[in-house]
Number of protein chains: 2
Amino acid sequence: MTSRITCPTLAARVTDAEQAATHIRPGMTVGMSGFTGAGYPKQVPQALATQIAAAHERGERFGIRMLTGASTAPELDGVLARTGGIDFRLPYQSDPELRERINRGEIDYMDIHLGHVAQFARSGFFGPIDVALIEVAAIRPDGALVPSTSVGNNATWLELADTVILEVNADQPAGLEGMHDIASCPAPPHRPPIPLTTPGQRIGEPYLRVDPSKVVAVVETHGPDRLTPFAAPDDASRRIAGHLVEFFRHEVARGRLPANLLPLQSGVGNIANAVLEGLREGGFEQLTAYTEVIQDAMLGMIRDGLITTASATALSLSPAGVADFVARIDHYRQRIVLRPQEISNHAELIRRLGCLALNGMVEADIYGNVNSTHVAGTRIINGIGGSGDFARNSFIACFMTPSTAKGGAVSTIVPMVSHVDHTEHDVSVVVTEQGLADLRGLSPRQRAHAIIKHCAHPDFRPQLQDYVDRAYLHSRGLHTPHLLPEALSWHQRFLDTGSMRV
Amino acid sequence: MTSRITCPTLAARVTDAEQAATHIRPGMTVGMSGFTGAGYPKQVPQALATQIAAAHERGERFGIRMLTGASTAPELDGVLARTGGIDFRLPYQSDPELRERINRGEIDYMDIHLGHVAQFARSGFFGPIDVALIEVAAIRPDGALVPSTSVGNNATWLELADTVILEVNADQPAGLEGMHDIASCPAPPHRPPIPLTTPGQRIGEPYLRVDPSKVVAVVETHGPDRLTPFAAPDDASRRIAGHLVEFFRHEVARGRLPANLLPLQSGVGNIANAVLEGLREGGFEQLTAYTEVIQDAMLGMIRDGLITTASATALSLSPAGVADFVARIDHYRQRIVLRPQEISNHAELIRRLGCLALNGMVEADIYGNVNSTHVAGTRIINGIGGSGDFARNSFIACFMTPSTAKGGAVSTIVPMVSHVDHTEHDVSVVVTEQGLADLRGLSPRQRAHAIIKHCAHPDFRPQLQDYVDRAYLHSRGLHTPHLLPEALSWHQRFLDTGSMRV
């Protein structure tokens, strides 16, 4: 037994990664930990990749079906994708190796709302879960598991899997203990209300539970999460944040939002960080967050008391953020709750709390449909993640992007998005560095006017207005006027010439 | 006072429709009752239309902003659209006159999830509500209102409006009293869980409340709702129903659904009726419904005890259905609960109950995106209604349509839908008379295979497969392969030639 493994039964299962990986066999479905590069298993996937590569060298077929919380890291998605060992993957990824193989058509990838995975898995929609492979921070004397830096779907994988492999990572902060709140949801019928009414409320217990008889291997590991460097917000992000902050001020002044807003859901990335910095500079305080991921900017606002409580399912910090997190972990443990993604992204709770959903996007069209996932309709970038969970059931759904990409060659405001992840019915606000279009209460024609005027880059405004004008002349129906042969031509022009400009 | 108006204060406000209509003035926003042709005001809108027409003849501008529960009837949407008196309309309509003007670009129409309207109105997103015009079945001595055959957003309009006009329709069954359950939801923050855990549970009171000082007119009316003739299911509908019943049997056998299924949400129309008849013939019993609208087939199953309880926000019956409803109203009052659409379509409740969402559609594409609203991307038919409320948060979201339309000239399975109302992330099952594609757990490529094989009409299968095959050869990304210049060409061919056939 070590200081991290104080359960005699499970201490007796300690083995090495190579031995542990042998429990994963061809054709199996494996539920793994990991969410936004946090809390993923660090060693067994690499050992598994070696075994898969060896099998392939012997001419044997070896592929698995792989389910996680969300994105992981090169030591998991990367190595396994590179071996050709992933047949099927859900619900989210952001790994360059894996993405490339998905877009080559070599791996079947299901891009699904993060908040739906546990319910569908529990109800058998993805078939049996053979193995759970979960990183934890410690194992207590009674076998209870101290979760790691993400919770994700871990409780579900531990519950459903026939066989469990645990990685105990001694480099994860011991002070994580007590920060988690593990509650589960039964399958229907007979589901009681989830009793959570404020972001910081605890409704479960701080530990994951597992039937010890299912645990076939415990592997002691070391090593950091995939830490994301924190980039200072660029000018476009700061301007996007400025428009949003002005919008929120206006809503508060009109009595449509409380002075401390509503629980914030903040997507991952630099724009999200910039928006939080903007709220700080704008003098907002007593804020709360009900979100998926805590990044550096949010951590800083929790540190400084501007965000009083934050609920999430994972941390996604820079090296400096981790250092601060560890240094003040007792402070953060009073203010941060890490939950299963089924709870962090649950429709019932997002709707009840009235979250303000702030998510990035690839592009929006003039009618307010949003593409979050695909370049030119066919190449997936990452996935929808939790943006649909939050946008669909939020109080106000905001989507943000700079108005151009590829050095100005691409307009992120287009006549028709090449893939729809959020429909016109679910998008309240579109923001670019140019401005903000408040789409609430507007018809499609009114939305087109607002989006072109406020969000499109001036270089593309005439081209967009020309499309709209001609669509009004020639479209069969004038509720949502379109010229079908031209609607996706901007994307095709980009594919052909590298630019959407005429 | 009459037998229907037993409150002295409100009886003193009785006047005629012409006088009542004068309270609605140009530029006002009016919240009206009415959901699927049930419970809409019968006389004041016609008087208003006359006054609008007279104003227009005098050269005066007279348009209003009109918010309802959902669709109404010719005596409301029809007459007001014909006068040119509607500037803006939400959240749903199905009137031929109104639809035509929307598609001519004369009326701004916002097509919005029915379950979101009350929250957004209460929070001021649609501006102030000047007048509420609400049909009720009776007024009690204490001023409490007995709701009519639909509840819709009536509680919200009564709460928010500065001025209230009531129509008391003596032809609505007196026995409706006690059938409703009026509960409201506060604005965030500080919202408790909605305590409903079974479809038949009552969590409010059976009456609508209004501040009597706001009531400026009470009009006594007579007349039936817009009653929908019940068409016996045609062959295609019966085959669609057969595939769904087989699917449900299979899910029960696999232990993924209880023997009495989960609460059914059944869209409006003949396919929905056919599915319910199919469940009856399939021997299902002890069913429940948590839905928007109760149609004849559901009423019959409640009568015969196959559906034990049904929750909805409106009745949409045939003349024979109404006769049966009135004859057995004491029986039905024990088994039917009519609720505000905010509750009937609430994300929290749909998710908790695990509804099986069964909705019609215009078309689906090979990747499982669904168009519920637009012909060829530009002409709106009705609107998204509650299909998004239910599909997005349901346990299994099924979309149904015959595989062809326009006498076989149009395939309802297309390479890319011309408008997206339900994204690939939200669609579990696609059904046509050809068969059923179970999309759960499938990647886009697997979905395309299943949908073409099981759902497309044989006449269009080769054309679809040819598209897919060529997309795999030429698409930039192979996660969701497409040929952008061709993706919407089927719709353009239909516009040009009246057919999608090559």
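In what follows, chains carry the letters A, B, and so on, assigned in the order in which the sequence lines appear, proteins first and then strands, with residues in each chain numbered from 1. As the structure is a computational prediction, the values presented were derived from the model and not from experiment.
Using a 3.5 Å distance cut-off with no hydrogens or angles, the side chains of B:His374 and A:Thr480 do pair a donor with an acceptor. B:Ser372 and B:Asp421 form no side-chain donor-acceptor contact under 3.5 Å, judged by distance and modelled atom types alone.
For A:Leu353, the part lying near chain B is the backbone, with the side chain staying farther off; criterion is any non-hydrogen pair under 4.5 Å. B:Glu424 touches chain A through its side chain: at least one heavy atom from C-beta onward sits under 4.5 Å away, while N, CA, C and O do not. When heavy atoms are compared at a cutoff of 4.5 Å, B:Ala187 does not approach chain A at all. Of the two parts of B:Pro481, only the backbone, made up of N, CA, C and O, holds a non-hydrogen atom closer than 4.5 Å to a non-hydrogen atom of chain A. Using a 4.5 Å cut-off between heavy atoms, B:Leu442 contacts chain A through its backbone alone, with no side-chain atom that close. Neither the backbone nor the side chain of A:Leu349 comes within contact range of chain B; no heavy atoms are under 4.5 Å apart. Contact annotation for A:His419: only side-chain heavy atoms (C-beta onward) come within less than 4.5 Å of a heavy atom of chain B. Only the side chain of B:Phe88 comes within contact range of chain A, judged by heavy atoms closer than 4.5 Å. At a 4.5 Å heavy-atom cutoff, the contact between B:Phe120 and chain A is made by side-chain atoms alone. Residue contact with chain A, scored on non-hydrogen atoms closer than 4.5 Å, involves the backbone of B:Arg104 exclusively. Within the 4.5 angstrom heavy-atom criterion, only side-chain atoms of B:Pro258, from C-beta onward, approach chain A. There is no contact between A:Ser489 and chain B, counting heavy-atom distances below 4.5 Å. The contact between B:His425 and chain A is made by backbone and side chain atoms together, counting heavy-atom distances below 4.5 Å. For B:Leu483, no part sits under 4.5 Å from any heavy atom of chain A, backbone or side chain. Within the 4.5 angstrom heavy-atom criterion, atoms from both the backbone and the side chain of A:Pro485 approach chain B. For a residue to count as touching a neighbouring chain, one of its non-hydrogen atoms must lie under 4.5 Å from one of that chain's; by this rule A:Asp389 touches chain B with backbone and side chain alike. The contact between B:Leu439 and chain A is made entirely by backbone atoms, counting heavy-atom distances below 4.5 Å. Heavy atoms closer than 4.5 Å to chain A are found in the side chain of B:Phe126, but not in its backbone.
Ring to ring, A:Phe395 and B:Phe125 are close: their centroids are under 6.0 angstrom apart.
The existence of a salt bridge linking B:Glu251 and B:Arg256 is confirmed by a sub-4.0 Å separation between a basic side-chain nitrogen and an acidic carboxylate oxygen. A salt bridge does not link A:Asp87 to A:Arg65: none of the charged side-chain nitrogens sits closer than 4.0 Å to a carboxylate oxygen.
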